[in-house]
Amino acid sequence: MNVPNHVAIIMDGNGRWAEKRGLARSRGHLEGSKTLEKLAIHAMDMKVKVLSVYAFSTDNFKRSQEEVDYLMNLFIKMFQTKFDKINKRGIRVVISGRKRGLREDVVASINAIEEKTKENKEGILNICLNYGGQEEIIDGAIKLAKDIQNGLDITNFKREDFYHYMYHELPPIDLLIRTGGELRISNFMLYEMSYSEFYFTNTYFPDFDKSEFNKALFMFENRDRRFGGISDAKNN
Ligand code: FPP
């Protein structure tokens, strides 16, 4: 099976999942966090090496204070107590995004989970938190500018080299999944997504279980990825 090396998920539809059941939006986020825990392990079982997820965008701060607080407390709780299975499965957890602007206790829990799992080698779970794709490119460009000031020779600087300036040096995304029915990328991992295949589904994220994930893998297996060239079949 041709498995994508790096899968990214825009975990949308938590709120609508809850509203449809007459529950508070926060309940949707809680169910979404349980889905994520299971999916991360399943993805690695399917031989995916990196799973990136959009947990909180720089723009999500526009939501009500109550919802923002709920999500921040949920991240802390998950990182402190609920990620044991992920750690035991040998998955390294990294967080992408701007730490400035986040509460101190959130930053502390991010540092703790990254430290706790840093030697894990079975795969990477990249959680994008206070994250924006344009912001990641800007922050990377600023780091590169500093290196240039310090004498870096950029005569032969290639697009592959810029990955070094991203929050974590992760490989390009092969497959992007968006749940919840919207057809947009919402400022998510723009640099890494250049040649990604897209899979959109109406399923709300809390319902996006292993079999839904496998459907996306199956679709990926049947896509003809040409990276700007022509397909092998036509080449022959
Ligand atoms: C988008 O759905 C979802 C979010 C903004 C939050 C996603 C967070 C989780 C799934 C929890 C993850 C937990 C950890 C530990 C990383 P929405 O609220 O915009 O849904 P809607 O479009 O139906 O309103």
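As a basis for the values below, the full set of heavy atoms in this structure was taken, side chains included, without hydrogen atoms, waters or symmetry mates. Atoms within each ligand, like the ligands themselves, are counted from 1 in listed order.
Atom CG of L36 sits about 6.0 Å away from atom CD1 of I127, to the nearest 0.5 Å.
For K215, the side-chain hydrogen bond (donor to acceptor under 3.5 Å, both in side chains) criterion is met by E212, not counting sequence neighbours. For S52, the side-chain hydrogen bond (donor to acceptor under 3.5 Å, both in side chains) test picks out H6, N126, with sequence neighbours left out. With sequence neighbours excluded, the residues that form a salt bridge (Lys or Arg N to Asp or Glu O under 4.0 Å) with E31 are R27, K34.
Using a 30° and 60° split on the angle between ring planes, F83 and F79 fall in the perpendicular class, above 60°.
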Distance dump, ligand 1 polar atoms to protein, N/O, under 3.5 Å:
{"residue": "ligand 1", "atom": "2 (O)", "partner": "D12", "partner atom": "OD1", "Å": "3.4"}
{"residue": "ligand 1", "atom": "2 (O)", "partner": "G13", "partner atom": "N", "Å": "3.4"}
{"residue": "ligand 1", "atom": "18 (O)", "partner": "R25", "partner atom": "NH2", "Å": "2.9"}
{"residue": "ligand 1", "atom": "18 (O)", "partner": "R63", "partner atom": "NH1", "Å": "2.9"}
{"residue": "ligand 1", "atom": "19 (O)", "partner": "D12", "partner atom": "OD1", "Å": "3.3"}
{"residue": "ligand 1", "atom": "19 (O)", "partner": "R63", "partner atom": "NH2", "Å": "2.7"}
{"residue": "ligand 1", "atom": "20 (O)", "partner": "G13", "partner atom": "N", "Å": "3.3"}
{"residue": "ligand 1", "atom": "20 (O)", "partner": "N14", "partner atom": "N", "Å": "3.3"}
{"residue": "ligand 1", "atom": "20 (O)", "partner": "G15", "partner atom": "N", "Å": "3.1"}
{"residue": "ligand 1", "atom": "22 (O)", "partner": "D12", "partner atom": "OD1", "Å": "3.0"}
{"residue": "ligand 1", "atom": "22 (O)", "partner": "R16", "partner atom": "NE", "Å": "3.4"}
{"residue": "ligand 1", "atom": "22 (O)", "partner": "R16", "partner atom": "NH2", "Å": "3.1"}
{"residue": "ligand 1", "atom": "23 (O)", "partner": "G15", "partner atom": "N", "Å": "3.4"}
{"residue": "ligand 1", "atom": "23 (O)", "partner": "R16", "partner atom": "N", "Å": "2.7"}
{"residue": "ligand 1", "atom": "23 (O)", "partner": "R16", "partner atom": "NE", "Å": "2.7"}
{"residue": "ligand 1", "atom": "24 (O)", "partner": "R25", "partner atom": "NH1", "Å": "3.0"}
{"residue": "ligand 1", "atom": "24 (O)", "partner": "R25", "partner atom": "NH2", "Å": "3.1"}

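Remark: the R178 side chain and the S186 side chain contain an N/O donor-acceptor pair separated by less than 3.5 Å.
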